[in-house]
Amino acid sequence: MLVKEYRICMPLTTEEYRIGQLYTISKHSHQESDRGEGVEVMENREHHDPVHGSGQYTEKRVHLSSKLPSWARAVVPRIFYICEKAWNYYPYTVTEYTCSFLPKFSIHIETRYSDDCGDNDSIFQQDDSEDTHEVSFVDIAFDEIPERYYKSVEDLRHFESSRTGRGPLKEGWRQHVRPVMCSYKLVNVKFEVWGLQTRVEHFVHKVIRDLLLVGHRQAFAWVDEWYGMTMMEVREYEKETQAATNEKIGPVAPTITISAEGHSPAIRSAPSTPVTGDPPEFLSLPKERTRKTSAPDTLTLPELRDRANGPSSHSAPSNTDS
């Protein structure tokens, strides 16, 4: 298990970001989806929690087998999906990810949004002083972005919003730009598979950090598209975009799932899975199998087999020199 905290500041208020986040997720999911792969929305409905009050529950399937690194594709079936379940009680959310093929894999993300510049060290109210984790600041303007995600129109060092007048962002912007808010994310990655745990958990955190960087850059770069929308308007946009995305993906081949049904999220702990600690079958050594006695030691052509069995009632063809 590997836990890290990410802090991503934005030149927005938390109420503005709430609209921008919903808009950005819907638009990005639609852009990244294609036939047979992408984000398939299974459920999106209102949800009430006795502790956190009214919110929104969403369940999605992220089909992305072709986007895996080569070493992962070697052990993962061609068709599989990541299941995303999210409980949104803004400004507090919980998101869980599990895999249809690897029940020992899970991601648990607890998020809190606050109108500050990312300087709240006790926002998750951790009582255990020994429960330490790495804190990583994600700078949406100056952190290096993977080349495949870079778009000049989304470069926040040069972008200026025509509707809000905010931007471009300069070095040290989060200390002096107002408004400013921060998305605090406590990310717990668990991949309890012998021989691959450390490699996979670090890889997943790298992917998560890249996605957080790209997603938050886009949320501000697209601000002129969503700024001024009401919650009702952005929910309608979300509904229409999700329908278009599902149609774009089309029917997806059925996948055999070996993970258990989801459950209500537990705070600061990845969901458990009812499987043993033994390595999966694809990591085990081949088992010794007894050879069937009925199987011949060698397979021969009929003519050679007749010769091996000795003289028969008919004589073998003669070999005449030319």
Side-chain angles (χ1 to χ4, degrees), residues 4-32 56 86 88-93 95 109-124 134-187 207-235 237-238 241:
K4 293 186 180 183
E5 180 184 334
Y6 299 94
R7 301 181 185 180
I8 313 101
C9 290
M10 300 282 288
L12 303 166
T13 67
T14 52
E15 286 305 308
E16 290 171 344
Y17 178 79
R18 185 180 188 182
I19 301 294
Q21 179 193 41
L22 295 173
Y23 179 93
T24 301
I25 290 173
S26 295
K27 180 178 177 178
H28 179 81
S29 297
H30 184 71
Q31 287 184 342
E32 293 299 310
Q56 195 81 7
N88 188 342
Y89 310 104
Y90 199 88
Y92 172 72
T93 66
T95 309
I109 303 177
E110 185 181 355
T111 306
R112 294 188 180 274
Y113 304 95
S114 178
D115 286 308
D116 58 50
C117 62
D119 55 358
N120 189 341
D121 294 330
S122 59
I123 195 165
F124 291 108
E134 176 185 338
V135 175
S136 176
F137 284 88
V138 179
D139 191 322
I140 61 174
F142 290 91
D143 278 3
E144 184 177 355
I145 188 170
E147 185 177 354
R148 65 184 180 278
Y149 294 130
Y150 178 81
K151 296 180 181 178
S152 59
V153 295
E154 297 173 2
D155 192 329
L156 304 185
R157 297 170 299 178
H158 310 293
F159 169 79
E160 181 176 359
S161 167
S162 61
R163 299 191 65 183
T164 67
R166 302 170 199 173
L169 300 180
K170 305 300 181 182
E171 284 278 9
W173 64 270
R174 69 185 181 93
Q175 299 297 336
H176 58 79
V177 168
R178 295 296 180 270
V180 65
M181 57 81 61
C182 185
S183 171
Y184 294 83
K185 292 184 176 289
L186 189 63
V187 181
V207 171
I208 289 174
R209 193 185 193 284
D210 287 346
L211 292 178
L212 291 175
L213 175 58
V214 173
H216 286 78
R217 280 169 63 100
Q218 290 177 335
F220 184 58
W222 297 344
V223 63
D224 291 340
E225 300 177 26
W226 58 260
Y227 189 77
M229 294 179 73
T230 65
M231 179 57 67
M232 183 178 297
E233 289 171 337
V234 78
R235 287 297 185 191
Y237 172 82
E238 184 181 49
T241 307

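Quick note: numbers below take in every heavy atom, side chains included, and nothing from hydrogens, waters or symmetry partners.
- When Arg18, Gln21, Glu15 are each tested for a side-chain hydrogen bond (donor to acceptor under 3.5 Å, both in side chains) with Tyr113, only one passes: Gln21.
- In this structure, Tyr90 and Gln56 have side chains that are not in contact, with every pair of non-hydrogen atoms separated by 4.5 Å or more.
- Expressed to the nearest 0.5 Å, how far CG of Leu169 lies from CZ of Phe220 amounts to 5.5 Å.
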* Assess whether side chain to side chain contact (heavy atoms under 4.5 Å, CB included) is satisfied between Ile25 and Glu238, documenting all intermediate values. => CA-CA 9 Å; Ile25 290 173; Glu238 184 181 49; over 6 Å; no
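- Note that CE of Met10 is 7.0 Å distant from CE of Met181, once rounded to the nearest 0.5 Å.
- For Tyr184, the side chain to side chain donor-acceptor pair (under 3.5 Å) partners two or more places apart in sequence, or in a different chain, are Asp116.
- Between the side chain of Asp224 and the backbone N or O of Ser161 there is no donor-acceptor pair closer than 3.5 Å.
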* Asked: Does the pair Val138 and Arg209 meet the rule for a side chain to side chain contact (heavy atoms under 4.5 Å, CB included), with working shown?
  -> CA-CA 8 Å; Val138 179; Arg209 193 185 193 284; 4.0 Å; yes
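- When all heavy atoms of Arg157 and Asp155 are compared, the closest pair comes out as NH2-OD2, 2.8 Å.
- Pro146 places a side-chain heavy atom less than 4.5 Å from the side chain of Asp210.
- Separating the CD atom in Glu233 from the CD1 atom in Ile19 is a distance of 8.5 Å, to the nearest 0.5 Å.
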* Decide yes or no on side chain to side chain contact (heavy atoms under 4.5 Å, CB included) for Trp173 and Leu156, but give the supporting numbers first. => CA-CA 11 Å; Trp173 64 270; Leu156 304 185; over 6 Å; no
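- No donor-acceptor pair under 3.5 Å is formed between the side chain of Asp115 and the backbone N or O of Thr13.
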* Are Thr24 and Ser26 close enough, and set up right, to give a side chain to side chain contact (heavy atoms under 4.5 Å, CB included), and what steps lead you there? -> CA-CA 5 Å; Thr24 301; Ser26 295; over 6 Å; no
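- Annotation: cation-pi geometry not satisfied between Arg217 and Tyr149 (NZ/CZ under 6.0 angstrom from ring centroid, within 45° of ring axis).
- Taking every heavy atom of both residues into account, Glu160 and Gly167 meet most closely at CG-O, 3.4 Å.
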* **Criterion salt bridge (charged side-chain N to carboxylate O under 4.0 Å, His left out) on Asp121 and Arg7, from CA distance to verdict** => CA-CA 10 Å; Asp121 294 330; Arg7 301 181 185 180; 2.9 Å; yes
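- A heavy-atom distance below 4.5 Å is not found between the side chains of Gln218 and Lys27.
- One finds the CD1 atom of Ile123 at 7.0 Å from the SG atom of Cys182 (value rounded to the nearest 0.5 Å).
- When every heavy atom of Gln175 is checked against every heavy atom of Cys117, the shortest pair comes out as OE1-SG, 4.2 Å.
- Distance check: Asp143 CG to His216 NE2 gives 12.5 Å after rounding to the nearest 0.5 Å.
- The heavy-atom pair separating Asp139 from Leu213 by the smallest distance is O-CD1, 3.5 Å.
- The nearest pair of heavy atoms linking Cys9 to Gly118 is SG-N, 3.8 Å.
- Put simply, CD on Glu16 and OH on Tyr227 are 4.5 Å apart, with the number rounded to the nearest 0.5 Å.
- Between Leu22 and Trp226 there is no side-chain heavy-atom pair separated by less than 4.5 Å.
- Between Tyr237 and Tyr23, the ring planes lie parallel to each other; the angle is under 30°, not in the 30° to 60° tilted range.
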